[in-house]
Amino acid sequence: MLHGIGASEGIGIGTAVLVAEPDLDYSHVTPAGPEAEKARLAAAVDTFIQKTSALADTMREQVGEKQAEILSGQVMMLSDPYMQSQMNDAIDAGGCAEGAVDSVCQMYVDMFSSMDDEMMRQRASDVGDLRARLLGLLLGREAVDLSAVPAGSVLVARDFTPSMTAALRRENVAAIVTEAGGFTSHSAILARTMSLPAVLSVPGVTALVKNGDTLVVDGGEGVVLQNPEPSQLKAYRARQAELAAQRAALEQFRGLPTRTADGREVQLFCNIGSDRDLAAVLENTGEGVGLFRTEFLFLDRAALPTEEEQFQVYRTVAEGLAGREVIIRTLDVGGDKDIPYLGLKQEENPFLGCRAIRYCLGHQEMFRAQLRALLRASAFGKVRIMLPLVTRLDEVRAARALLEELKGELDRSGIAYDKNIPLGVMVETPAAALIADLLAREADFFSIGTNDLTQYTMAVDRGNADVAYLYSPLDPAVLRSLRAVIRAGKAAGIPVGMCGEAAADPRLIPLLLSFGLDEFSVSPAAVLSTRRAIAGWTAAGADAVAERAMGLATEAEVAALLKGISPR
C-alpha cells in the first residue's frame, strides 16, 4: 500500500498509465549571439501564446472557465513586456534563449513557492508549466498529450500541469496519482473540479508502479493499492458505490439557506484569490465572499496597480455577487509574499517584520489608492474592508482615520460610495485575540484567520516538518483563543466570521456553532459539505460537545473526542 495526500475524495479503480515528461536538458545548446537568440525566443513566445490560447478554449469547453483561466493567465504573464525584457536582458548577458527562459521563470517559481498563502503557492506550478512548455518549444520536444489514454486509466505522473490536462477526457480517466503537489496544487484543483479521485505526493510512485498494473486510488484516505487481492477489490468497489450515493445526496444542499437542525441560520461565505474565482462561488451557491485576497493584483507585474485597475476588479466582484456581501482584505504583503518592485527590505524574520497592515500604514500612497478603489467599489455592492495582521488598536484607528479622510475627498469630488462601509479586523495574532474586547469597540466586524492564528499561538512554522505535529486548530490553546474572540465580538454586538481552513473542518463545526460564530468562509468546493455538516447540529448537541472538548487538556484528547462524534 502506497501513501500520499488525499487531494480529491472518491475511489478510483483502473489500469496504470505512466505519463512521461519530455527531456528539457539544454546543456548542449550553444548561444548563436544575442540577436539570433532573441529572435528564437520571440518565435517561441508567439507560438506559445497561439497554442496556449487554443488550449484554454478547449479547457473552457470541457472543464470550465475557472480552469481555462489558468492557461489564459499564462498567456497574460508571458505577454507582459516586463517579463520578456527580463529574458532579453539574460540573453544580452551572454546566455541562450533556453537559459533565459529557465532563469527568469525559476525566479518567479521561487518567489511563489516561498509564500505561505496556499493560493499564491499554486502560482508556482503555473509558472513551472509555462517554463517547461516554452523550453519544449525552443528545444523542439513535444508536450505530453493525454487525449488518447484508454478508458479506465489511472494516470501516474510526477505532476500534472494545466497544459497536460487541457485535452484530458474525463470519461477515460478513473483517478490520478502524482509524486508532487499538495491539496491546493493544480492537479488537486483539477481533480476536484472533474470529480476525479486523486492521491498526490506519493514518494517514488513513478518508479514503483508499472504500466498495466491494477490500481485502487482512495482519494479520501490518501492511499494507493497496487495489484490488490480480489477481496480488497470487492470491498473498494462497494465503497465506491457508497460514495457515489453520498455525493448525490449532497446535491440537496445546493442553493439552500445554511441553518442548523433547530433552525438557527448562519452565513456560509467563500474564500477567493481573484475575481476569476467568482464563478465558483456562484456555482456552489456560496452566500457571499468572506475573504477576497487582493495580492493577485500586485503580482506578475512591474509596477503597482493603479487605483482605477483595482476599482474595476473590486466593482466586478461586488456587482457579480448581486447584493451579497464581499469582505475584501487590504494588501497582505511581506512575510512569505515578496513582490520585487515594492523594494521590501531583507529581514531576518519577515513573518514578524514589516508586513500586511504595518507595511500599508508605512506606505500611504499605495494604501490610499487601494482604499479609494474599495470605497468607490462600495457604491456597486455590499463591500466590507478587512485589515490583516492587526496587533494594536492604533492600527485600526490609523486605518479608519485614513478612510475618513478619503471619504471627504470623494464627497468633494461628488463620487458615490457607501458612507457606512464596514471596517473590520482579521484576528490572526495572539495579540489581537488577547485585546479582542478592545478591538471590538472600534471594529465593525471580526474575521478569524485560523491559519496564522494557529501558527503564531503555537509558535510553530507550519512549513517545518519537524514541528508540524504542533500545528493544529484543535489544540486547547487555539480553541480557547477562538472562543474568547467570538465571545468578545458577541459582547460588543459585532458579527464574527472565520476565514481560515478550520471553518470547513467538520470536527470543529459543533464547537464553532456553540461559541456563536456567525459566518463560516470556506473554499467554494467545500460549501455543500459544510452546509450539510452545519445542518446536522442542534444548539443542545453542539453545546454538549463543546463543553466536553473545552474540558480536555491535550490536542490528542480533543481530536479523539471530535473524531468519534456525530451530529445531533
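Relative to the six-membered ring of Phe445, Arg384 meets both conditions, a distance below 6.0 Å and an angle of at most 45° to the axis. Both tests do not hold together for Arg531 against Phe253: distance to the six-membered ring centre under 6.0 Å, angle to the ring axis within 45°.
Here the side chains of Arg264 and Leu513 are in contact, with some heavy-atom distance below 4.5 Å. Between Val496 and Ile448, some side-chain heavy-atom pair lies under the 4.5 Å cut-off.
Under the 3.5 Å distance criterion, the side-chain polar atoms of Arg372 are left unmatched by any main-chain donor or acceptor of Glu409. A donor-acceptor contact shorter than 3.5 Å is absent between the side chain of Asp262 and the backbone of Thr538. Side-chain atoms of Glu287 come within 3.5 Å of backbone atoms of Leu268 as a donor-acceptor pair (strictly under, hydrogens ignored). Side-chain atoms of Glu547 do not come within 3.5 Å of backbone N or O of Ala544 as any donor-acceptor pair. A donor-acceptor pair under 3.5 Å is formed between the side chain of Asp505 and the backbone N or O of Arg507. The backbone N or O of Gly424 lies less than 3.5 Å from no partner atom in the side chain of Asp444, so there is not a single donor-acceptor pair. Not one N or O on the side chain of Glu319 forms a donor-acceptor pair closer than 3.5 Å with the backbone of Thr316.
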Test side-chain contact (heavy atoms from CB on, under 4.5 Å) on Gln455 and Tyr471; report intermediate values, then the result. CA-CA 6 Å; Gln455 177 170 250; Tyr471 180 80; 4.1 Å; yes

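With hydrogens and angles left out, the side-chain atoms of Gln370 and Thr294 include a donor and acceptor closer than 3.5 Å.
No close placement of the His363 and Phe367 rings is indicated, their centers lying 6.0 Å or farther apart.
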